[in-house]
Amino acid sequence: MSTRTLSDGVKRTTLPSGLRIVTEAIPTTRSAALGVWVGIGSRDETPGMLGASHFLEHLLFKGTHKRTALQISAELEAVGGETNAFTTKEYTCYYARVLDADLPLAVDVLCDAVADSLIEPADVETERGVILEEIAMHEDEPGDEVHDIFTEAIFGDHPLGRLISGTEESITPMTRAQINGFYRRRYKAPHIVIAAAGNLDHATVVRLVRKALAGTALDSAPAAPAPPRGGTKRVPTQKPHTVVRNRDTEQGHLVIGGVGIGRRDERRFALGVLNNVLGGGMSSRLFQEIRERRGLAYSVYSYASQYADAGLFGVYAGCAPGKVEEVLDLARAELARVASEGVTAEEVARGKGMVKGSYVLGLEDTGSRMSRLAKSELLYGDLMAVDELLARVDAVTRDEVNAIAAELFAQPMSLAVVGPFDESAFGTHG
């Protein structure tokens, strides 16, 4: 077992099994946030197991050898705590927020649930029904569905292009044996980071985790921690094209964009500044042009999604169906203008301020501090100090912003549209 101080108040211990424990002591708070982060997500699934990670997220709270599903939720709720989980394409997180005095309970409950779930056949059937309802509900939200369609337009049948939830066709036949097998094969100690932030003592948290995991599958043979997910080869992407889903909706929803950059790309700081200038707030170009000046859309913004070895960027707008063509033309024109003319020094300064402000303000609670620790360890293998990160943003130049704009925004783009439109509308290319 080895322990290292990463920065002021932040320590990391690596257990012999390869499981890592990272904590940040914040003595001024009276709460603590705890997360068990597993470096397994939907992109790790085979086509026949599509949705297995999300299925597990539901099942791990359904009971262990020590606790029933009711006991798992009731024990934490009895002390005013909250617990939840979420699945992404590259990791799954199980977390709790409690009063500092109740952190030992949170450690015991969460570690028990993640390490020793029973995956009972009856629970599989119950949660199968819940997940199918969740999928149906998602399909009734065109503002969400359009992002899924756009992502598939970029990545196609690559795991990054598939739905995290799975589909009705993949969830319906999935067996208890398949899900349990995925759980036992994938939830291994070297892929797990346990992070905590709040009024805590690192050595105490390590002791609590070791006690909670003793005798479980995660109390395993010595192993090295899994390195951050790497990009061994380029993720294949689709030729730019348009996808229109006909839905009887009151609004038209569109996303236009293309291939972006991976999260380890050094240009990610410049892209963060550019994204804020283009569509990251009420002072952004898209918001000012489409909403403020013309009143064409209530919601319009740009975004960038980054994975270990790939990324995408998009512009979203939701507006009256009759205005979709005009909004689309304006979005295309703004993207082309930024690609050819770049952005101003004033816009770069404002974009930097937005990136830095949102980052620092986002670290005001124990939950976000805990997430920062875990993501740094799981996705990057190290923790960048807040001051260093802010310095990296400050160091971004206007030339760097304009260079990434010219590269990303001048390429042919894909378009996804959901609304009351013919499926051959908007041509074949974005």
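Reckoned from all heavy atoms, side chains included, excluding hydrogens, waters and symmetry mates.
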Is there a side chain to side chain donor-acceptor pair (under 3.5 Å) between N199 and T29? Walk through the geometry before answering. CA-CA 6 Å; N199 188 18; T29 65; 5.9 Å; no

Would you say that Y95 contacts W37 through its side chain, given a criterion of any heavy-atom pair below 4.5 Å between the two side chains? no

Please give me the minimum heavy-atom distance between G63 and I72, naming the atom from each residue. N-CD1, 3.8 Å

Is any NZ, NE, NH1 or NH2 atom of the basic residue among E125 and R128 found under 4.0 Å from an Asp or Glu carboxylate oxygen of the other? yes

Tell me whether T172 contacts the main-chain N or O of E168 through its side chain, where contact means a donor paired with an acceptor under 3.5 Å. yes

Here's a test for you: under side-chain contact (heavy atoms from CB on, under 4.5 Å), which of V259, L335, L271, V338 qualifies with L408? L271

Decide yes or no for F421 and V324: does some side-chain heavy atom of the first lie under 4.5 Å from some side-chain heavy atom of the second? yes

Return yes if a side-chain donor-acceptor contact under 3.5 Å exists between E57 and T87, otherwise no. yes

So with a 6.0 Å cut-off around CG of D248, is the heavy-atom count from everything else above 12? no

Mark yes or no for whether Q251, through its side chain, and A320, through its backbone, hold a donor-acceptor pair below 3.5 Å. no

Has R185 got a side-chain atom pairing as donor or acceptor with G181's backbone, closer than 3.5 angstrom? yes

Non-hydrogen side-chain atoms of L56 and T92 separated by less than 4.5 Å: no

For Y183, all residues meeting ring pair (Phe, Tyr, Trp, His ring centres under 6.0 Å), sequence neighbours excluded: Y187

Kindly indicate whether the side chain of L50, heavy atoms from C-beta on, has any atom under 4.5 Å from the side chain of L163. no

Between the main-chain N or O of T68 and the side-chain N or O of Q71, is there a donor-acceptor pair closer than 3.5 Å? yes

Test: R43 and D309 ion pair at under 4.0 Å: yes

Run the side chain to side chain contact (heavy atoms under 4.5 Å, CB included) check on I154 and Q238 step by step: do they pass? CA-CA 5 Å; I154 299 293; Q238 303 285 98; over 6 Å; no

Distance-minimising heavy-atom pair for P190 and R20: O-NH2, 3.0 Å

Testing the basics here: between A331 and V315, what is the closest heavy-atom pair and its distance to 0.1 Å? CB-CG1, 4.2 Å

Where the side chain of H241 meets the backbone of K239, is there a donor-acceptor pair that is under 3.5 Å apart? yes

Can you name the one residue among I40, T88, D44 that meets side-chain contact (heavy atoms from CB on, under 4.5 Å) with S53? I40

Audit row: T216, D116, side chain to side chain donor-acceptor pair (under 3.5 Å) steps and yes/no: CA-CA 6 Å; T216 72; D116 198 32; over 6 Å; no

Please evaluate residues Y303 and H147 with respect to the criterion ring pair (Phe, Tyr, Trp, His ring centres under 6.0 Å), reporting the C-alpha separation (whole Å), side-chain torsions for both, the decisive distance (0.1 Å), and the verdict. CA-CA 11 Å; Y303 65 97; H147 291 287; 5.2 Å; yes

From I131 CD1 over to H58 NE2, what is the distance, rounded to the nearest 0.5 angstrom? 4.5 Å

Given the rule in the side chain to side chain donor-acceptor pair (under 3.5 Å) test, do S165 and H54 qualify, once you have shown the distances and angles that lead to the verdict? CA-CA 6 Å; S165 62; H54 178 246; 5.6 Å; no

Locate the shortest heavy-atom distance separating Y307 from K89; write the atom from each residue and the value. OH-CD, 4.0 Å

Can you measure from CD (E325) to CG (L328) and round to the nearest 0.5 angstrom? 6.5 Å

Between S220 and A217, the two heavy atoms sitting closest are CB-O, 3.7 Å

Could R162 and E152 be called an ion pair, given the rule that one side-chain N must be under 4.0 Å from one carboxylate O? no

When rounded to the nearest 0.5 angstrom, what distance separates OG1 in T237 from CZ in F155? 7.5 Å

Between atom OG1 of T64 and atom CD of E120, what is the distance when rounded to the nearest 0.5 Å? 10.5 Å

Side-chain contact test, heavy atoms from C-beta onward, threshold under 4.5 Å: evaluate it for R229 versus L379 and give yes or no. no

Evaluate the side-chain proximity of T13 to S2: yes if any heavy-atom separation is below 4.5 Å, no if none is. no

Side-chain contact test, heavy atoms from C-beta onward, threshold under 4.5 Å: evaluate it for V10 versus H202 and give yes or no. no

Should K66 and D108 count as an ion pair when the cut-off is N to O under 4.0 Å? yes

To the closest 0.5 Å, what do you measure between CG (L312) and CE (M413)? 12.0 Å

Would you check if I194 and C111 make a side-chain contact, meaning some heavy-atom pair closer than 4.5 Å? yes

Do any N or O atoms from the side chain of R291 and from the backbone of M282 form a donor-acceptor pair under 3.5 angstrom? no

Does OH belonging to Y380 count more than 12 external heavy atoms closer than 6.0 Å? yes

Checking side chain to side chain contact (heavy atoms under 4.5 Å, CB included) for the pair K375/Y91: CA distance, chi angles, key distance, verdict? CA-CA 9 Å; K375 289 179 184 176; Y91 54 86; 3.4 Å; yes

Using atom types as modelled and distance alone, determine if a side-chain donor or acceptor of R372 lies under 3.5 Å from a backbone N or O of L363. no

I'd like to know if the side chain of R267 reaches the main chain of A403, judged simply by a donor and an acceptor atom lying under 3.5 Å from each other, with no hydrogens or angles considered. no

To the nearest 0.5 Å, atom CG of L254 lies from atom NZ of K323 at 13.5 Å

E145 vs H253, test: side chain to side chain donor-acceptor pair (under 3.5 Å). Steps then yes/no. CA-CA 9 Å; E145 185 186 19; H253 301 267; over 6 Å; no

Side chain to side chain contact (heavy atoms under 4.5 Å, CB included) between L110 and F61: does it pass, once the steps are laid out? CA-CA 9 Å; L110 274 192; F61 287 117; 4.1 Å; yes

Measuring centre to centre across the rings, with the benzene-like ring taken for any Trp, is F86 within less than 6.0 Å of Y94? no

Decide, yes or no, whether a salt bridge links R67 with E75 under the criterion of side-chain N to carboxylate O below 4.0 Å. yes

Side chain of D219, backbone of G215: donor and acceptor closer than 3.5 Å? yes

Could you walk me through whether E266 and R268 pass the side chain to side chain contact (heavy atoms under 4.5 Å, CB included) check? CA-CA 5 Å; E266 290 301 316; R268 66 188 184 275; 4.1 Å; yes

Can a salt bridge be assigned to the pair R369 and E364 using a cut-off of 4.0 Å between side-chain N and carboxylate O? no

Look only at the side chain of E90 and the backbone of A308, and say whether a donor-acceptor pair between them is shorter than 3.5 Å. yes

Please report the closest heavy-atom contact between L76 and A96, naming both atoms and the distance. CD1-CB, 4.4 Å

Is it true that atom CZ of R184 has more than 12 heavy atoms of other residues, nucleotides or ligands lying nearer than 6.0 Å? yes

